[in-house]
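Residue indices begin at 1 and follow the sequence shown. These numbers come from the heavy atoms of this one structure, side chains and all, not from hydrogens, waters or symmetry mates. Computed from a predicted structure; not experimentally measured.
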Amino acid sequence: MLDMIIRGGSVIDGSGAPARLADVGIRGGRIAAIGTVTEAAREEIDATGLTVAPGFVDVHTHYDAQAFWDRTLSPSCYHGVTTVIAGNCGFSIAPLNGKPEDSEYLMRMLARVEGMPLESLREGVPWNWRSFGEYLDALDGKLAINAGFMVGHSALRRHVMGARAVGSHATGAEIAAMQELLRESIAAGGLGFSSTVSQTHNDGDGKPVPSRHATDEELFALASVVKEFPGTLLELLPGVGSFSDDEKERMTKFALAGERTVNWNLLNPSSLMPDMHKAQLAASDHAAARGATVVALTLPQPMTIRLNLVSGFIFDALPGWAEVIGKPLPERKAAFADPAVRARLEAGARSPEAGVFAALANWLSWTIDEVFVAANKAWQGKTVGELATAQGKTPLDALLDLSLSEDLRTSFVPPIFGDDDESWRMRGEVWTDPRTVIGASDAGAHLDMIDTFAFSTQVLEHGVRKRGLISLEQAVHQLTEVPARMVGLKDRGQLREGFCADVVVFDADTIASGPTHTRFDLPGGVGRLYAEALGVAHVIVNGREIVRHGAYTGTPGGRILRSGRDTATAG
């Protein structure tokens with residue numbers, strides 16, 4: 001007897017093949033039959049008029065901490081995602097060395113660089129493991145969906161070097177110690193090695209995160225450990241904007257050192273910079289010419305960024321801003337109130353050193369997205385320019401004065417780029433480029449800033465149904481088999497007999513992401529941006545139904561994915 005039959009749906013198997021009407025039989029957590037299934041089953045799902053597809057794979061998340069307070073890894077699971085990869089950008093929370101000051105450093109770093117509330121990190125995460133294997137064991141069998149974790153460079157550096165991880169080059173002995181720690185972590189199940197050199201990544205003190213202090217020698221030495229283990233990969237955040245020859249060469253050497261695919265984040269085509277993404281994709285061509293594989297993660301939607309001066313993320317990428325953002329809140333507020341400091345900040349934001357971030361300094365076009373003091377409610381939804389004109393102030397003075405009146409909590413939205421028809425056309429074009437993979441969601445991070453966690457339903461809503469940029473079969477292929485193949489997931493990414501039964505059943509005519517709103521459900525009562533999924537009827541993970549019509553069934557179906565056991569070397 002089968003455990004479950006999904007009957008009468010339009011089956012899109014993930015391979016790119018045309019949809020076909022078929023039943024899907026499941027037994028023992030795997031696909032047992034596809035076609036006309038007559039065998040009896042303990043449970044039956046009527047999928048008439050619905051699409052039956054493999055569960056979606058999200059290769060770039062930051063659910064490392066949220067996994068302890070939210071075993072569903074929401075909202076990803078409700079948007080049809082059945083497998084996530086976390087520990088990206090060098091920001092894993094294992095291994096730990098047992099020293100409270102080092103765990104505290106990682107907490108404050110994550111709060112700053114990945115927008116995870118410090119209260120939630122302290123209240124919701126036990127921080128009681130040492131090894132990477134102990135961290136994985138703490139989550140095994142408890143999550144609703146499958147999750148694999150990369151080993152982060154900054155965690156390794158802090159573990160070995162302590163406070164010297166920021167501001168110092170590692171000695172040969174320290175590099176060797178990091179290599180051994182990485183080796184132990186991957187042997188315990190880590191999926192590979194991740195790092196960042198991005199100028200947007202600063203720690204809780206406003207200083208570059210530990211990995212940004214590493215030499216290329218250290219970076220490549222750590223990458224070389226990965227090739228010792230099957231089923232592993234590499235992830236890197238390079239510089240921002242068009243890549244220099246040195247940056248292309250760094251990614252290539254990184255891939256060659258580890259003999260593995262490198263994926264990087266983030267490719268975001270825009271008609272305002274029509275040649276930017278082409279120049280960035282040239283990094284893949286540069287690597288291929290040397291026998292290496294470099295793949296860009298591409299975002300399938302325009303990015304609406306909500307910024308505030310509590311987290312300071314993005315602001316601190318502007319010259320001179322990081323040292324102010326890194327101050328404790330009372331000192332930071334005093335600095336922002338100082339006219340001399342304001343003048344320096346304005347000059348830094350408009351200096352040549354600001355690079356691609358200089359466009360941010362057009363403060364007057366920013367929208368005041370959310371205010372928290374009743375007296376300011378009239379300005380919610382207005383622009384900073386309108387506020388400045390009404391108050392007779394410069395735009396930056398108006399922005400800072402408003403923010404200071406609310407203890408820096410005010411949320412601002414810079415102009416949204418990429419929502420025009422040409423940007424969508426360019427976006428759809430890169431979705432099927434072999435040098436890219438859809439999936440730069442950052443789910444679990446920047447909780448007050450972005451809603452890209454809904455990338456899967458965004459592709460199906462806007463890319464397929466509303467704009468016709470890609471067929472439904474091709475969209476499913478790009479959300480399932482393509483990322484699964486890049487990661488090297490065994491028996492996942494397709495609906496095929498013998499494969500793991502990760503399945504999403506949805507209405508192709510209505511699937512969408514609902515309105516983004518703030519939901520106060522984090523430890524400590526802190527809020528986060530959230531959006532419900534529309535049109536997703538059932539989500540099944542390893543043969544267990546975890547979501548039924550938008551509600552969690554209470555049955556965890558997920559598996560902690562360990563390198564070698566659950567993955568094979570891609571290639």
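In this structure, F56 has no ring-ring contact (aromatic ring centres under 6.0 Å, His included) partners at least two apart in sequence or on a different chain. Applying the side chain to side chain donor-acceptor pair (under 3.5 Å) criterion to N308, with sequence neighbours excluded, gives D448. Taking W363 as the reference, E346 meet the side chain to side chain donor-acceptor pair (under 3.5 Å) condition, with sequence neighbours excluded. Residues forming a salt bridge (Lys or Arg N to Asp or Glu O under 4.0 Å) with R435 (at least two apart in sequence, or on another chain): D285, D433. With sequence neighbours left out, the side chain to side chain donor-acceptor pair (under 3.5 Å) criterion links Q391 to K393. Judged as a salt bridge (Lys or Arg N to Asp or Glu O under 4.0 Å), and not counting sequence neighbours, the contacts of D369 are R306. Under the ring-ring contact (aromatic ring centres under 6.0 Å, His included) criterion, F313 pairs with H446, not counting sequence neighbours. Scanning for side-chain contact (heavy atoms from CB on, under 4.5 Å) contacts around A443 gives D58, T61, Y63, S76, S441, F453, with sequence neighbours left out. Scored by the salt bridge (Lys or Arg N to Asp or Glu O under 4.0 Å) test, E545 finds R548 as partners (sequence neighbours excluded). Scanning for side chain to side chain donor-acceptor pair (under 3.5 Å) contacts around H277 gives an empty result, with sequence neighbours left out. Under the salt bridge (Lys or Arg N to Asp or Glu O under 4.0 Å) criterion, R112 pairs with D316, not counting sequence neighbours.
S194 places a side-chain N or O within donor-acceptor distance of the main-chain N or O of G90, the cut-off being under 3.5 Å. R465 places a side-chain N or O within donor-acceptor distance of the main-chain N or O of I511, the cut-off being under 3.5 Å. For T389 (side chain) and G385 (main-chain N/O), a donor-acceptor pair under 3.5 Å exists by modelled atom type. Within the 3.5 Å criterion, the main-chain N or O of L345 finds a donor-acceptor partner in the side chain of W321. Judged by distance alone, with hydrogens and angles left aside, the side-chain atoms of S403 form no donor-acceptor pair with the main-chain N or O of L400 at under 3.5 Å. With hydrogens and angles ignored, the 3.5 Å screen pairs no side-chain donor or acceptor of R71 with any backbone N or O of I145. Without hydrogens or angle criteria, E235 side chain to N88 main chain gives no donor-acceptor distance under 3.5 Å. Put simply, the side chain of D507 gets close to the backbone of D509: a donor and an acceptor are under 3.5 Å apart. Remark: side-chain polar atoms of R332 are paired, donor with acceptor, to backbone N or O of V310 under 3.5 angstrom. When atom types are taken as modelled, the side chain of E532 and the backbone of G514 share no donor-acceptor pair closer than 3.5 angstrom.
Using a 4.0 Å cut-off between charged side-chain N and carboxylate O, D407 and R409 make no salt bridge. A salt bridge is defined here as a Lys NZ or Arg NE, NH1 or NH2 lying under 4.0 Å from an Asp or Glu carboxylate O, and R467 with D421 meets this definition. A salt bridge does not link E101 with R108: every distance from a Lys NZ or Arg NE/NH1/NH2 to an Asp or Glu carboxylate oxygen is 4.0 Å or more. Here R425 pairs with E422 in a salt bridge; the nearest charged N to carboxylate O distance falls below 4.0 Å.
With rounding to the nearest 0.5 Å, the separation of CD in Q478 from OG1 in T298 is 10.5 Å. Of the inter-residue distances, the one linking I314 atom CD1 with I325 atom CD1 reads 11.5 Å to the nearest 0.5 angstrom. Taking CG from L329 and CZ from F336, the interatomic distance works out to 9.5 Å, rounded to the nearest 0.5 Å. Interatomic distance, I546 CD1 to C77 SG, rounded to the nearest 0.5 Å: 5.0 Å. Distance OG/S195 to CZ/R212: 11.0 Å, rounded to 0.5 Å. With rounding to the nearest 0.5 Å, the separation of CG in L191 from CZ in F149 is 9.0 Å.
Residues R528 and Q66 are in side-chain contact: their nearest non-hydrogen atoms beyond the backbone lie under 4.5 Å apart. The shortest distance between side-chain heavy atoms of P269 and K278 does not fall below 4.5 Å. With a 4.5 Å cut-off on side-chain heavy atoms, T410 and N376 do not count as touching. Looking only at side-chain heavy atoms (C-beta outward), M276 and S242 come within less than 4.5 Å of each other. Residues Y135 and D64 form a side-chain contact, since some pair of their non-hydrogen atoms from C-beta on lies under 4.5 Å apart. Contact annotation: the side chain of V81 never approaches that of V57 to less than 4.5 Å [non-hydrogen atoms, C-beta and beyond]. Within the 4.5 Å cutoff, the side chain of W127 has heavy atoms near those of the M107 side chain. T516 has its side chain out of reach of Y530: every pair of non-hydrogen atoms, C-beta onward, lies at least 4.5 Å apart.
For the 3.5 Å distance criterion, the side chains of D420 and S271 qualify, holding a donor opposite an acceptor. Side-chain contact, S198 with T196: no donor N or O sits under 3.5 Å from an acceptor N or O. With 3.5 Å as the limit, one finds a donor-acceptor pair spanning the side chains of H60 and D442. If you check the side chains of S211 and H153, you find no donor sitting under 3.5 Å from an acceptor. Looking at T457 and H79, their side chains do bring a donor and an acceptor atom within 3.5 Å of each other.
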Would D401 and R342 count as a side chain to side chain contact (heavy atoms under 4.5 Å, CB included) if you check the C-alpha gap in whole Å, the side-chain angles of each, and the deciding distance to 0.1 Å? CA-CA 11 Å; D401 287 343; R342 290 185 177 190; 2.6 Å; yes

Should H201 and C89 be marked as a side chain to side chain contact (heavy atoms under 4.5 Å, CB included) after you check the CA-CA gap, both sets of side-chain angles, and the distance that decides it? CA-CA 9 Å; H201 285 160; C89 307; 4.1 Å; yes

Dump the intermediate steps for side chain to side chain contact (heavy atoms under 4.5 Å, CB included) on L447 and L529, then the final yes or no. CA-CA 6 Å; L447 301 180; L529 295 177; over 6 Å; no

Walk me through it: do V536 and V504 pass the test side chain to side chain contact (heavy atoms under 4.5 Å, CB included)? CA-CA 7 Å; V536 177; V504 56; 4.0 Å; yes

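Residues L121 and A65 approach most closely at CD2-CB, 3.6 Å, considering heavy atoms.
The only member of N268, L267, D275 that meets side chain to side chain contact (heavy atoms under 4.5 Å, CB included) when paired with Q280 is L267.
Between W366 and F315, the angle of the ring planes lies from 30° to 60°, which puts this pair in the tilted group.
The aromatic ring centroids of W431 and F455 lie 6.0 Å or more from each other.
Applying the ring-ring contact (aromatic ring centres under 6.0 Å, His included) rule to pairs touching residues 375-428 yields W424-H462, sequence neighbours excluded.
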